[in-house]
Amino acid sequence: MSSGTKSVVLWDYQYHYAGRDPRITGVSSTKYGPENKVLASDLRTIGKELFGTFAEEDFRYFCQGEVRRQGAYYYIQAREPGDAYPFCLSEDGLSISMENGQVKISGHVGLVYAYDTLPAESYFTAYFAPYPGAYLGGYRFDRLILQ
């Protein structure tokens, strides 16, 4: 999986799990707008939990976006992932099931272009493998298939 794909998934995770994952705190308002606050070490750990491996180049790629560092903390723009990255998930037709001991989630993801009003949709299937201690209910992100 590329650093870019990992970055999109990690952005989505930090946005949706702020407050649910105790390592990610929502900051209501700063001069930069709403942000989520997470320790650099926790951000790396979350990446490892999600993907199994999270190399230094993956971390650097993620931090190129709307992420700023202050001391040991990283502050990440708390906007809809579709605003920061051009991807958005659709809840229409979303299905969740188990397959060979993994959680399988399938649905549609849209790629929103700057000047288009309608997203170009693709069908996705994501698999999550058991991983003790992970904040995704004991699972980590394993693989993603886009069609």
Side-chain angles (χ1 to χ4, degrees), residues 1-28 32-68 73-147:
M1 180 180 301
S2 73
S3 293
T5 301
K6 287 180 181 179
S7 186
V8 170
V9 173
L10 183 56
W11 185 280
D12 192 64
Y13 179 88
Q14 67 81 31
Y15 177 80
H16 286 97
Y17 282 84
R20 289 190 238 173
D21 184 329
R23 300 169 292 185
I24 305 169
T25 305
V27 178
S28 60
Y32 303 99
E35 295 178 315
N36 290 328
K37 175 182 171 182
V38 61
L39 280 169
S41 58
D42 286 340
L43 195 54
R44 286 180 170 93
T45 300
I46 291 167
K48 287 179 185 172
E49 288 176 3
L50 289 172
F51 310 111
T53 61
F54 195 67
E56 190 58 31
E57 61 264 20
D58 299 327
F59 181 76
R60 281 194 306 272
Y61 190 95
F62 177 79
C63 292
Q64 290 180 137
E66 297 184 41
V67 178
R68 66 182 182 87
Y73 287 93
Y74 280 80
Y75 291 81
I76 306 160
Q77 287 292 308
R79 302 187 298 184
E80 285 286 345
D83 290 341
Y85 291 100
F87 298 100
C88 59
L89 295 176
S90 170
E91 294 180 8
D92 296 334
L94 193 68
S95 71
I96 302 171
S97 61
M98 291 294 290
E99 185 177 291
N100 300 322
Q102 292 187 316
V103 174
K104 176 183 175 184
I105 302 175
S106 298
H108 290 90
V109 62
L111 177 59
V112 181
Y113 296 97
Y115 302 106
D116 291 344
T117 56
L118 298 174
E121 284 199 341
S122 297
Y123 188 77
F124 77 91
T125 303
Y127 291 91
F128 298 82
Y131 190 86
Y135 281 87
L136 281 170
Y139 284 81
R140 68 167 170 80
F141 182 77
D142 188 49
R143 62 190 166 113
L144 176 67
I145 301 166
L146 285 175
Q147 299 170 336

**Q** Side chain of K6, backbone of T53: donor and acceptor closer than 3.5 Å?
**A**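 Pair found, side chain donor or acceptor close to backbone of T53.
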**Q** Quick one: OH on Y17 to CG on L10, what's the gap to the nearest 0.5 Å?
**A**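 Output value for this atom pair is 13.0 Å.
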**Q** Looking at every non-hydrogen atom in both residues, tell me the closest pair between N36 and A18 and how far apart they are.
**A**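 Heavy atoms only, the tightest pair is OD1-CB, 3.4 Å.
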**Q** Under 30°, 30 to 60°, or over 60°: which ring-plane class applies to F62 and W11, parallel, tilted or perpendicular?
**A**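 Answer is tilted, since the angle falls between 30° and 60°.
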**Q** Do T45 and L43 come within less than 4.5 Å of each other through their side chains, counting heavy atoms only?
**A**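 A side-chain contact under 4.5 Å is absent here.
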**Q** Going by heavy atoms in the side chains, are T125 and I105 under 4.5 Å from each other?
**A**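 With C-beta onward as the side chain, the pair stays apart.
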**Q** Between R60 and E56, is there a side-chain heavy-atom distance shorter than 4.5 Å?
**A**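 The answer is yes; the side chains approach within 4.5 Å.
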**Q** Apply side chain to side chain contact (heavy atoms under 4.5 Å, CB included) to residues L39 and R23 and explain how you reach the verdict.
**A** CA-CA 7 Å; L39 280 169; R23 300 169 292 185; over 6 Å; no
**Q** List the steps and the verdict of side chain to side chain contact (heavy atoms under 4.5 Å, CB included) for V38 and Q14.
**A** CA-CA 9 Å; V38 61; Q14 67 81 31; over 6 Å; no
**Q** Mind listing the closest non-hydrogen atom pair of Y61 and S3 along with its distance?
**A**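 The pair with the smallest heavy-atom distance is CD2-O, 3.6 Å.
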**Q** Any heavy-atom pair between the side chains of E35 and Q77 that's under 4.5 Å?
**A**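 They are in contact (side-chain heavy atoms under 4.5 Å apart), so the answer is yes.
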**Q** Compare every heavy atom of F59 with every heavy atom of A40, then report the nearest pair and how far apart it is.
**A**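 The pair with the smallest heavy-atom distance is O-CE1, 4.2 Å.
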**Q** Would you mind reporting whether E99 and Y127 have side-chain heavy atoms less than 4.5 Å apart?
**A**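 Of all side-chain heavy-atom pairs linking E99 with Y127, at least one is under 4.5 Å.
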**Q** Is any side-chain heavy atom of I96 closer than 4.5 Å to one of K104?
**A**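 K104 vs I96: side chains apart.
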**Q** If we count only N and O atoms by modelled type, under 3.5 Å, do the side chains of Y13 and D21 hold a donor and an acceptor together?
**A**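 Side-chain D/A pair, Y13 to D21: present.
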**Q** Can you find a pair of side-chain heavy atoms, one from Q102 and one from D142, that are under 4.5 Å apart?
**A**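 Yes, close enough: below the 4.5 Å cut-off.
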**Q** Does the plane of the ring in F54 sit parallel, tilted or perpendicular to the ring in F51? Use 30° and 60° as the thresholds.
**A**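 Geometry flag for F51 against F54: parallel rings.
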**Q** Tell me whether R44 is salt-bridged to E49, with the criterion being a basic N under 4.0 Å from an acidic carboxylate O.
**A**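 Salt bridge absent between R44 and E49.
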**Q** Could you check if a side-chain atom of F124 sits within less than 4.5 angstrom of a side-chain atom of S106, using non-hydrogen atoms only?
**A**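 They are not in contact (no side-chain heavy atoms under 4.5 Å apart), so the answer is no.
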